[in-house]
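In this text, all values refer to a predicted model and were calculated from it rather than measured experimentally.
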Amino acid sequence: MAKLRPPCGRKRGVLQPCGEYVAAKRLGGSGMIDLKLVQKQPEVLEKALKARCSDLSVEEFLQLDGRRRALLTEVENLKSRRNAASAEVAAQKRAGGDAAALLEELGQLSDRIKELDAQAAQARSEVETWLLRVPNLPHASVPVGRDEQENVEIFRKGHIPVFDFAPREHGDIGTALGGLDFVRAARLAGSRFALSLGWAARLERALSNFFLDQHTGHGGYVEVSPPYMVNRASMTGTGQLPKFEEDLFGLRDWEYYLIPTAEVPLTNLHADEVLAEDDLPRAYCASTPCFRSEAGSAGRDTRGLIRMHQFTKVEMVRFAHPDDSFNQLDLMLDHACRLLELLELPFRVITLCTGDMGFSAAKTHDVEVWMPAQNTYREISSCSNCTDFQARRANIRFRPKGGKTVWVHTLNGSGLPTGRATAAILENFQQKDGSVRLPKVLAPYMGGLEVIEPA
RNA sequence: GGAGAGGUAGCGAAGCGGCCGUAACGCGCUCGACUCGAAAUCGAGUUAGGGGUUAACAGCUCCUACGUGGGUUCGAAUCCCACUCUCUCCGCCA
């Protein structure tokens with residue numbers, strides 16, 4: 001079964017076939033945060049890490065890196081001598097001489113180099129492991145804050161519905177209408193799984209198709225149908241690994257992971273490529289299942305469709321020129337908001353503070369939809385500019401006209417997850433008699449169905 | 001699953017133990033010449049990472065990298081082993 005070994009090494013050499021981190025070929029180049037920056041301006045990183053409430057020690061890094069450099073200097077001097085002496089051997093042999101004495105010395109030198117090389121590789125690997133765990137630096141415009149309490153609301157849109165009855169939870173509504181079956185889903189798989197039937201299954205397909213149609217039409221995104229499981233290099237490229245392995249589902253005998261979001265395959269679509277400047281910006285979207293272990297969220301959102309081990313989501317990914325990436329972020333945010341407007345759902349947009357942002361993001365806007373049963377806004381989309389963070393890890397560059405290659409900026413945003421969208425529709429459009437009205441834009445996708453009636 | 005071919009810079013491709021990794025040659029790209037301008041042509045330039053030195057991402061200097069990892073050797077793109085990906089043919093299969 002496990003005969004076909006997992007492919008996870010990639011050309012850039014950050015990884016070796018069995019998933020262990022080894023010396024990078026291009027330390028400080030592709031693969032991680034800017035090494036030079038850390039070395040020369042450790043205080044910048046220190047400040048950023050503090051803002052993110054990270055416990056990584058820059059001090060520790062400086063020690064590791066110092067050791068690495070000391071070893072390198074030593075071994076490189078020896079190599080330099082070896083190279084010169086080897087050339088001498090060649091010259092003597094060409095002249096018909098006997099190079100025995102030199103060869104004797106070189107043999108010892110070679111052994112010493114082998115020893116030091118191993119030590120240097122080890123030191124390099126330690127430095128790299130540290131760097132791979134450093135989150136992206138927050139953009140200057142991001143509010144500094146500890147947690148979600150300090151996120152900043154930007155604007156609200158839409159009308160919060162007023163009910164002359166107690167609004168019910170979407171899980172109950174969907175179950176009562178025969179579309180959702182959490183009992184059987186639990187029997188089939190376990191908790192945090194859902195099963196939809198009839199109108200609900202069709203609604204999931206309808207939402208997916210509606211979102212994709214909007215993106216490929218209005219938004220100019222290229223639709224992609226990517227792999228739903230990827231190798232370790234891809235997961236490292238977008239930042240899920242090595243730090244967040246426990247959040248992922250992996251296969252037992254194969255070095256593959258189920259994607260937690262289509263951001264992973266879509267962003268890695270151009271891994272190890274050099275794009276032309278004219279290729280930017282580039283936009284992709286995909287509807288895929290997403291798999292998340294939800295480790296650490298035990299007890300949260302245990303009812304309904306909000307937090308699942310498997311859910312379907314349409315994702316947007318953009319590759320942008322560094323000078324243009326924050327414009328692209330605004331654009332992508334618009335695309336997400338537009339879907340909610342078309343679905344007639346009330347929402348608000350917030351900017352995440354430094355302490356609440358994801359690992360790879362330099363700036364993130366969350367879109368939160370109104371959920372009547374909880375009487376609050378809940379996240380339905382998250383749009384992030386990852387600047388060059390993922391591009392470094394996945395080695396995605398572009399070539400400015402006539403210039404040297406530069407890291408692209410990558411962005412990703414949900415647009416939208418079908419489960420949470422369904423939840424919002426059920427709750428916001430529920431009616432006193434137990435029926436649920438559907439947004440008008442979905443009618444063509446629902447075979448003309450406008451209201452879901454109790455059986 | 002069987003057999004074979006291959007992975008070298010932005011792309012194509014040569015090299016198959018030291019004179020070939022600032023990697024032949026071609027394309028592309030940059031600059032210049034020619035031109036009123038352009039095309040064509042001609043000329044020059046054009047890999048990346050790291051160490052040292054440094055105010056410097058400037059220069060100078062050294063090291064490393066020919067799919068990945070390991071081995072042989074004073075010395076490996078070149079020889080050996082394992083792995084991986086791509087392509088062709090055969091077999092099997094939705």
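Distance check on atom C1': B/rA14 versus B/rG1 gives 36 Å, rounded to whole Å. A gap of 28 Å separates the C1' atoms of B/rC31 and B/rU8, to the nearest Å. The gap from the P atom of B/rG43 to that of B/rU54 amounts to 43 Å, rounded to the nearest Å. Rounded to the nearest Å, the gap between the P atom of B/rG51 and that of B/rA58 is 13 Å. B/rU47 and B/rG10 have their P atoms separated by 9 Å, with the value rounded to a whole Å. Using atom P as the reference point in both B/rC87 and B/rG71, the two lie 32 Å apart (nearest Å). Comparing B/rG45 with B/rC63, their C1' atoms sit 25 Å apart, to the nearest whole Å. B/rC79 and B/rA5 are spaced 13 Å apart, taking the P atom of each and rounding to whole Å.
Taking 4.0 Å as the cut-off between side-chain N and carboxylate O, A/Glu115 and A/Arg112 count as a salt-bridged pair.
The only option from A/Thr216, A/Asp213, A/Val314 that meets the side-chain contact (heavy atoms from CB on, under 4.5 Å) definition with A/Glu223 turns out to be A/Thr216. The residue from A/Val152, A/Val142, A/Thr364 that alone fulfils the side-chain contact (heavy atoms from CB on, under 4.5 Å) condition with A/Leu352 is A/Thr364.
Atom CD of A/Glu255 is separated from atom P of B/rU84 by 12 Å (rounded to the nearest Å). Regarding A/Asn77, its CG atom lies at a distance of 11 Å from the P atom of B/rU53, rounded to whole Å. To the nearest angstrom, C1' of B/rC57 lies 12 Å from CZ of A/Arg392. In this structure, A/Arg397 atom CZ and B/rA48 atom P are separated by 9 Å, rounded to whole Å. Per the geometry, CG belonging to A/Leu116 stands 21 Å off P belonging to B/rC62, to the nearest Å. Atom-to-atom, CG of A/Leu78 to C1' of B/rG51 comes out at 13 Å; the value is rounded to the nearest Å. Between the CG atom of A/Asp117 and the P atom of B/rG70 there is a distance of 10 Å, given to the nearest Å. Between A/Asn395 atom CG and B/rU47 atom P the separation is 17 Å, expressed in whole Å.
A sub-4.0 Å separation between OP1 or OP2 of B/rG52 and a side-chain N or O of A/Arg69 is present. An OP1 or OP2 oxygen of B/rU46 is reached within less than 4.0 angstrom by no side-chain nitrogen or oxygen of A/Lys404. Within the structure, every side-chain polar atom (N or O) of A/Arg399 is placed at least 4.0 Å from both OP1 and OP2 of B/rU30. Contact annotation: A/Thr405 does not reach the phosphate of B/rA48 (side-chain N/O to OP1 or OP2, under 4.0 Å). Regarding contacts with the backbone of B/rC57, every side-chain N or O of A/Gln41 stays at 4.0 angstrom or more from both OP1 and OP2. Residue A/Arg82 has a polar side-chain atom (N or O) positioned under 4.0 Å from OP1 or OP2 of B/rU64. Side-chain nitrogen and oxygen atoms of A/Lys36 include none within less than 4.0 Å of the OP1 or OP2 phosphate oxygen of B/rG49. Between A/Asn83 and B/rU64 there is a side-chain N or O to OP1 or OP2 distance below 4.0 Å. Taking only side-chain nitrogens and oxygens, A/Ser86 never comes nearer than 4.0 Å to OP1 or OP2 of B/rG18.
Distance from the side chain of A/Ser80 is smallest to B/rC63 among B/rC63, B/rG50, B/rG75. Closest approach to the A/Val89 side chain among B/rC57, B/rG18, B/rC63 is made by B/rG18 (side chain taken as heavy atoms from C-beta onward). Closest to the side chain of A/Leu35, from the set B/rC74, B/rG50, B/rU54, is B/rG50. The nucleotide whose nearest atom lies closest to any side-chain atom of A/Lys114 is, among B/rC74, B/rU64, B/rU72, B/rU72.
Nearest-nucleotide mapping onto RNA chain B: of A/Lys79 and A/Gly107, the residue sitting toward the 5' end is A/Lys79. Where A/Arg81 and A/Val274 each meet RNA chain B at their nearest nucleotide, the meeting point lying more 5' is that of A/Val274.
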Pairing pattern in dot-bracket form [Watson-Crick, G-U; both distances under 3.5 Å; | = partner strand] for RNA chain B:
((((((((.[[[..)..(......]]]((((((.......))))))(((((((.....))))))).[[[[[..)....]]]]])))))))....
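Counting non-hydrogen atoms under 4.0 angstrom, A/Gln39 reaches the backbone sugars and phosphates but no base.
Aromatic rings of A/Phe359 and A/Phe244 (six-membered ring for Trp) have centroids within the 6.0 Å cut-off, being under it.
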Going through the distances and angles, do A/Tyr284 and A/His270 end up as a ring-ring contact (aromatic ring centres under 6.0 Å, His included)?
CA-CA 11 Å; A/Tyr284 297 99; A/His270 288 300; 5.5 Å; yes
Quick one, A/His409 with A/Phe319, criterion ring-ring contact (aromatic ring centres under 6.0 Å, His included). Give me CA distance, side-chain angles, the key distance, then yes/no.
CA-CA 6 Å; A/His409 281 192; A/Phe319 296 84; over 10 Å; no
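Residues A/Ser86 and A/Asn83 have side chains that never bring a donor and an acceptor to within less than 3.5 angstrom of each other.
Note that the CZ atom of A/Arg192 and the CZ atom of A/Arg307 stand 6.5 Å from one another [nearest 0.5 Å].
With A/Phe182 as the aromatic partner, A/Arg187 does not meet the cation-pi criteria of under 6.0 angstrom to the ring centre and within 45 degrees of the ring axis.
Without hydrogens or angle criteria, A/Asp279 side chain to A/Leu275 main chain gives no donor-acceptor distance under 3.5 Å.
Interface remark: the A/Glu273 side chain does not form any donor-acceptor pair with the B/rG10 base, using a distance-only criterion of under 3.5 Å.
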